[in-house]
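Quick note on labels: first sequence line is chain A, next is B, and so on, each numbered from 1.
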Protein chains: 2
Amino acid sequence: MTRLTRDSIVTTAIEVIGKHGSEQLSVRRLGEAIDADPTAIYRHFRSKDELLRAIGDRCLIGVTDDLPTTSWRECIRELCIRIRAANLAQPALATLVRGAPPRHDNERRITETILARLGEAGFDSAAAAFAYHALIELTIGSAAIDSSLASEDSAARARIYAEWRSDYAALDAGMFPRSVGGAASLYPGTADDRFAYALDRLLDGLAGTLS
Amino acid sequence: MTRLTRDSIVTTAIEVIGKHGSEQLSVRRLGEAIDADPTAIYRHFRSKDELLRAIGDRCLIGVTDDLPTTSWRECIRELCIRIRAANLAQPALATLVRGAPPRHDNERRITETILARLGEAGFDSAAAAFAYHALIELTIGSAAIDSSLASEDSAARARIYAEWRSDYAALDAGMFPRSVGGAASLYPGTADDRFAYALDRLLDGLAGTLS
DNA sequence: ACCTGAACACCGTTCAAGT
DNA sequence: ACCTGAACACCGTTCAAGT
């Protein structure tokens, strides 16, 4: 590291996360990676939280680029799927879930894109605001929930889901008849599939308010 | 504390959270409250995570009691609103978001209730599973997102939302025209209102798959 | 102007030893 | 059988001092 800047710290932090996993990103470890005293970071970021948010925004680079122009639904659907993917790629970020507004450029472009497509589709600004918040809550919330398993590979995830299905199947059938009966159907597909299903149903519901 | 049990530890932990806030619940602080050595807790819980989950389940007591019988939608809607409220009442729990299956009784009753109402409504087990996961992702995910502000009172929350609207309004109107134009409409109502809207649109979409 | 390093006030968890 | 207490291996953050 020739020079310490916000950008260079973020870059190194992402390398550290890539190598050691996002739970292992501590101020001390990051200090080692940037070859400076850990506390030097506090010269560039007010807190670790602020650093994590900057990392989060870096991960969102390009999510609003080249989105489908076929329809507002397709565009927003693809954007939400990309946001989720970006969040799951850095599981530590998903735990940073928060209702605060975007303070960084990539985040701002997301808001702008969603509001613009909704506006063009015919939502007035009140309806667009409710729809925007609904989409973000589902997308970010779902990523937070799924992030616990995001570090496993797909075979491991499939194995874990199978275990969980067995747990349901082993419940007392008198008290939990539907859980036992439906156990084999729970956790269908991948977490991405389940998110896509939820997103599509939410978009159905939102589209229904237009007519 | 006359005797240390899982239940008595959970009860005391909830008292500590009530007094000091859920971020302040540490093993050491809880040890003080139960008037025992902090590490005695590890005799009853494998980890702090296991303790938090037990606390989480305690907070869900009664959520499946006396639900509306008017329709599957009304029943599930009310249940999701109660689950959200229970999670927001203990903000620490919302950060425990996870995709793992319920391992405690109150959680299990939630799954059973949702699957049962969906089944009665005509969803087959595959469709019911997708619908169940969609509802849970939105409900728990949204609670996680909103938990950061749950400890503030409603006046403080309203003030914070007003600030966030100003942030949007202050953006560059050339780059973010819709965000600036729609700023006054963002964060409409309370977080509960926005969740209810999202939940209703998701239920619209799910109901649409029945016909 | 920028960075260091000691220090503060904490964490969750383990395990040999006590009663 | 149950609990203690020392210890381990860490945290995020502040601030006077250095260069």
Quick one: A:Arg29 CZ to D:dA9 P, roughly how many Å, whole number? 14 Å
Any Lys/Arg nitrogen of A:Glu78 or A:Arg82 sitting under 4.0 Å from an Asp/Glu carboxylate oxygen of the other? yes
Check the side chains of B:Thr11 and B:Arg58 for a donor-acceptor pair under 3.5 angstrom, ignoring hydrogens and angles. yes
To the nearest angstrom, how far is B:Leu30 atom CG from C:dC11 atom C1'? 14 Å
Residue whose nearest DNA chain D nucleotide is more 5′ - A:Arg43 or A:Val27: A:Val27
Without decimals, in angstroms, what is the distance between B:Leu52 CG and C:dC11 C1'? 14 Å
G-U wobble or Watson-Crick pairing nucleotide for D:dC3 (cut-off 3.5 Å, both distances): none
Is a donor-acceptor contact shorter than 3.5 angstrom present between the side chain of A:Ser26 and the base of D:dG12? no
Ionic contact status for B:Arg108 with A:Asp172, cut-off 4.0 Å: no
B:His44 side-chain N/O to D:dC2 phosphate OP1/OP2 under 4.0 Å: no
Go through C:dC11, C:dG12, D:dG12 for me and flag the one nearest to the B:Lys48 side chain. C:dG12
Would you mind checking if A:Arg6 and A:Glu50 are paired as a salt bridge, meaning a charged N to carboxylate O distance below 4.0 Å? yes
Need the pair for C:dC8. Rule: Watson-Crick or G-U wobble, both distances under 3.5 Å, any strand; none if unpaired. D:dG12
Look at the side chain of A:Ala36 and decide which nucleotide, out of C:dT4, D:dT4, C:dT13, has an atom nearest to it. C:dT4
Between C1' of D:dC2 and CD1 of B:Ile9, the distance in whole Å: 12 Å
Side-chain donor-acceptor contact under 3.5 Å, A:Asn87 with A:Arg84: no
Among the candidates D:dG12, D:dC3, C:dT13, find the nucleotide nearest to the side-chain atoms of A:Arg28. D:dG12
For the pair made of CG in B:Asp35 and C1' in D:dC3, what is the distance, rounded to whole Å? 13 Å
Tell me: CG of B:Leu25 to C1' of C:dC11, nearest whole Å? 12 Å
Can you find a donor-acceptor pair, distance only, under 3.5 Å between B:Thr39 side chain and D:dG5 base? yes
D:dC8 versus C:dA9 - spacing of their P atoms, nearest Å: 22 Å
Round to a whole Å and report the spacing from CG of B:Asp49 to C1' of C:dC11. 15 Å
note: A:Asp37, atom CG; C:dA6, atom C1'; distance rounded to Å ~ 10 Å
